[in-house]
Amino acid sequence: FTANETVLEELSQNYSDKIVSSSINYNPINIHHNSLILDADETTKWIVLWAYFFQDTFTLSQTASAVLLDFFKELLQSFNMDKFSEFPSTMYRADRLLGVELAYKNYIVCPQCHYLHLPDILNGKDQHIKCRCGETITKMVRTSKGNHMIKNSKTGHWKPDFSNFNFNFPQRSKEKHKSIAYKFKEATSTMRNQLFTEHGIRWTPLIQLPYMDLQRFTIIDPMHNLYLGTAKRMMKLWTSGEKPLISTHNLKKIQNIIDSTPTPSDIGRIPFKIESQFAGFTADQWKSWCLIYSILALRDILPEEHRQYWQSFVDCLSLWGQTIISYEEIVDGDLAMKDFLNKVKSVWGPEIATPNMHMHLHLKDCLLDYGPLYSFWCFPFERLNGYLASIPNSGRSFATEVMNIINRQSILHHTMSIAKSSFSSKTTESFMKLRLFQQENKGTIAKYNFTIQEALYFKSLPFQISNINIRGYEPIPGKLLTPTYEMTIENSLVDCLIGYYERVYADLEYQFYSGSQFHHQDEHAIFVSPSITRASALQIADERFGSQLCRSDLSANVMIAFLDDENNFEYWPATIRYFFKHSIVLPYVGHTEHILAMVDWYDKHRKINHFNIPRRGLSGILDGVAYNGMKHVELWGPLTSRKLSCENFIPVQRIVCRFMKSNYSPQNARTNSIAVIPLNRRFSV
């Protein structure tokens with residue numbers, strides 16, 4: 001198509017004219033004349049090329065141009081979805097279609113005369129290099145191994161070495177830091193530069209505060225360090241290069257997997273951005289990708305050696321991402337992180353290491369000092385910034401908006417005062433209820449009078465069933481949610497309930513009976529009434545557990561702890577039919593309420609560990625550590641159709657966590673299977 005080839009030539013010339021000329025002949029734009037656009041349909045050629053000229057004519061930003069392309073895509077697909085399914089919606093994809101590649105080259109710039117030096121002037125030299133004007137343009141840097149630099153085997157560039165992940169770096173003491181800072185304060189200008197180069201410390205008056213400990217008071221933000229740092233970087237590595245580990249076709253497969261995995265309402269859904277290499281993902285979305293989707297989606301795409309180190313990274317995120325965390329879990333998370341760092345280095349080489357990765361090794365100390373990551377990461381601040389940015393301000397300043405919020409609070413307080421003095425008691429009561437609802441700390445363990453120690457004990461209950469007989473009357477930081485219904489269950493279910501009580505009270509040798517067994521019971525037997533209080537949902541701390549009675553049953557899927565016939569601890573997925581409260585009168589105790597759930601179980605799959613990669617050597621201790629033996633993703637069969645029994649009644653205290661499920665079929669499989677993805681529990685203090 002000659003006309004389009006001419007346009008491409010003009011486009012290339014247009015870009016070339018904008019390059020600032022210098023003594024070095026370098027063109028950052030490569031134009032491939034056999035670009036993909038030459039094979040595109042006429043409409044796509046016309047619109048994409050017109051968009052480039054439009055951007056250049058009116059000096060549009062990349063973001064504005066992307067919005068324009070996205071509008072064209074929506075418009076074209078409204079006429080013919082199939083024909084324009086591959087129309088580019090981002091400037092990156094338009095560049096690829098057009099055959100335009102940005103190629104940048106680094107130079108060493110003299111800070112005095114601004115002369116540009118080619119990087120090859122280094123040539124492995126380990127002494128200072130000066131510009132032709134006499135200014136020093138390089139400096140020596142001490143690295144963790146005591147060497148100045150190591151050389152990148154692929155690019156030939158020199159950079160500091162951050163790959164010594166096994167060395168236990170001693171933490172500088174508060175006194176040592178203060179001593180160096182005072183030396184800096186008293187030193188000459190030359191000595192100050194030397195001290196800063198060697199120690200990275202300057203003087204600050206804050207050091208004079210007796211409680212100031214800059215080492216321990218400087219924390220690492222996990223949101224940027226883990227999710228917007230390493231997680232994002234690994235995806236970039238997997239999708240880059242001439243032969244990427246994850247191709248464009250693979251990205252479409254990943255998108256399909258995510259689209260077919262429905263999420264509960266309180267779990268954020270990943271948007272339709274996978275095909276554009278996760279472009280524009282927020283930290284929340286990276287978090288969901290890592291913890292929920294990645295192990296499932298990468299199973300049949302990423303080679304095993306890469307899935308091995310990624311599995312350890314997700315182990316660490318799962319452990320450290322809990323709202324209440326024990327010392328042992330902090331240590332296990334640190335072991336998983338070191339396993340990730342060493343394995344990723346063995347696969348990619350030492351040049352993979354960055355200062356951000358080195359910072360992972362210090363997160364353990366931050367957790368020990370400040371508690372769970374939730375207490376100090378930047379997610380709440382980012383969400384608040386997003387909220388403030390979404391406030392329509394008509395051009396008003398941020399300070400004005402803050403004053404408006406304060407004024408609204410004052411108006412509300414004034415309204416409450418008027419209500420108390422002017423309205424009837426009923427009206428005032430309704431105002432007060434609304435006010436209390438706004439102030440209520442919903443979902444926190446404090447609301448249910450639980451201490452942190454009690455919450456940790458409650459969290460650990462499912463894992464102690466081999467030592468503790470959980471009966472269903474143990475306190476929970478929560479309640480059955482309204483509406484609830486008083487109802488009478490049929491005799492067959494009463495028999496199942498009797499079987500349940502006989503099992504959980506077997507150590508006390510209690511006997512139970514129902515109304516239909518009235519003439520055959522022992523005089524000390526305990527009556528089991530058919531009356532229950534049924535509920536469709538249960539609130540435990542920050543989590544809402546649903547059931548099949550809810551409009552959506554996505555929160556009804558739970559992992560439950562139990563002992564098999566040989567007294568071995570196991571997890572088993574189930575779907576909750578409904579929750580209910582049932583009371584019996586126990587000897588020497590009296591009226592005792594039990595909160596139970598009626599469930600349907602899933603069948604066990606012979607390839608339950610299909611998604612898990614067994615680890616060898618010392619790292620084998622990490623297998624299943626993130627969920628006390630449960631894997632990040634497990635393969636299970638469909639719901640069973642067995643007859644109801646006492647095993648269909650379980651105490652809610654044995655619920656380990658909720659899970660998400662996705663339809664999945666291994667290669668050559670003849671039956672339908674589901675992938676079970678456990679979700680971290682949520683407890684707020």
Next on the checklist: Taking salt bridge (charged side-chain N to carboxylate O under 4.0 Å, His left out) as the definition, give me every residue that meets it alongside Arg216, ordered by chain and number, with sequence neighbours left out.
Outcome noted: Asp369
Checklist entry - So, Lys459 and Gln322: side-chain donor and acceptor under 3.5 Å apart, yes or no? => result yes
Next on the checklist: Before you tell me yes or no, could you show the steps for His632 and Asp315 under side-chain hydrogen bond (donor to acceptor under 3.5 Å, both in side chains), namely the whole-Å CA-CA distance, both residues' side-chain angles and the distance that decides it to 0.1 Å?
Outcome noted: CA-CA 8 Å; His632 294 292; Asp315 277 342; 2.4 Å; yes
Checklist entry - Partners of Phe545 by ring pair (Phe, Tyr, Trp, His ring centres under 6.0 Å), sequence neighbours excluded? => result none
Item to check | Under 3.5 Å donor-acceptor, Asn612 side chain and Val633 backbone | outcome: no
Next on the checklist: Working note: Arg233 + Met357, criterion side-chain contact (heavy atoms from CB on, under 4.5 Å); need CA distance, chi angles, decisive distance, verdict.
Outcome noted: CA-CA 10 Å; Arg233 182 165 179 255; Met357 281 185 162; 3.6 Å; yes
Next on the checklist: Looking at Arg681 and Glu543, is any side-chain nitrogen of the basic one under 4.0 Å from a carboxylate oxygen of the acidic one?
Outcome noted: yes
Checklist entry - Do Glu198 and Lys183 meet the salt-bridge criterion of a basic N to acidic O distance under 4.0 Å? => result no
Item to check | Main-chain N/O of Lys343 paired with Ser346 side-chain donor or acceptor, under 3.5 Å | outcome: yes
Checklist entry - Is there a side-chain contact between Leu363 and Leu226, using heavy atoms and a 4.5 Å cut-off? => result yes
Checklist entry - With a 6.0 Å cut-off on ring centres, are Trp286 and His224 close enough? => result no
Checklist entry - Under 3.5 Å, is there a donor-acceptor pair linking the side chains of Ser312 and Gln308? => result no
Item to check | Test ring pair (Phe, Tyr, Trp, His ring centres under 6.0 Å) applied to Phe376 - qualifying residues, sequence neighbours left out | outcome: none
Item to check | All ring pair (Phe, Tyr, Trp, His ring centres under 6.0 Å) counterparts of Tyr182, not counting sequence neighbours | outcome: Trp203
Next on the checklist: If you define the side chain from C-beta out and look only at heavy atoms, does anything of Asp334 sit under 4.5 Å from Trp320?
Outcome noted: yes
Checklist outcome for this item: Those residues at least two apart in sequence (or on a different chain) that pass ring pair (Phe, Tyr, Trp, His ring centres under 6.0 Å) with Tyr374 are Trp377
Checklist entry - Is there a donor-acceptor contact under 3.5 Å from the side chain of Arg307 to the main chain of Ile613? => result no
Next on the checklist: Go through it in stages, so that I can follow the logic: the residues are Gln194 and Thr197, the test is side-chain hydrogen bond (donor to acceptor under 3.5 Å, both in side chains), and I'd like the CA-CA distance, side-chain angles, deciding distance and then a yes or no.
Outcome noted: CA-CA 5 Å; Gln194 183 177 338; Thr197 300; over 6 Å; no
Checklist entry - If we only count heavy atoms from C-beta on, is the Phe340 to Cys316 side-chain gap below 4.5 Å? => result no
Next on the checklist: Has Thr218 got a side-chain atom pairing as donor or acceptor with Leu214's backbone, closer than 3.5 angstrom?
Outcome noted: yes
Checklist entry - With Lys364, which residues qualify under salt bridge (charged side-chain N to carboxylate O under 4.0 Å, His left out), at least two apart? => result none
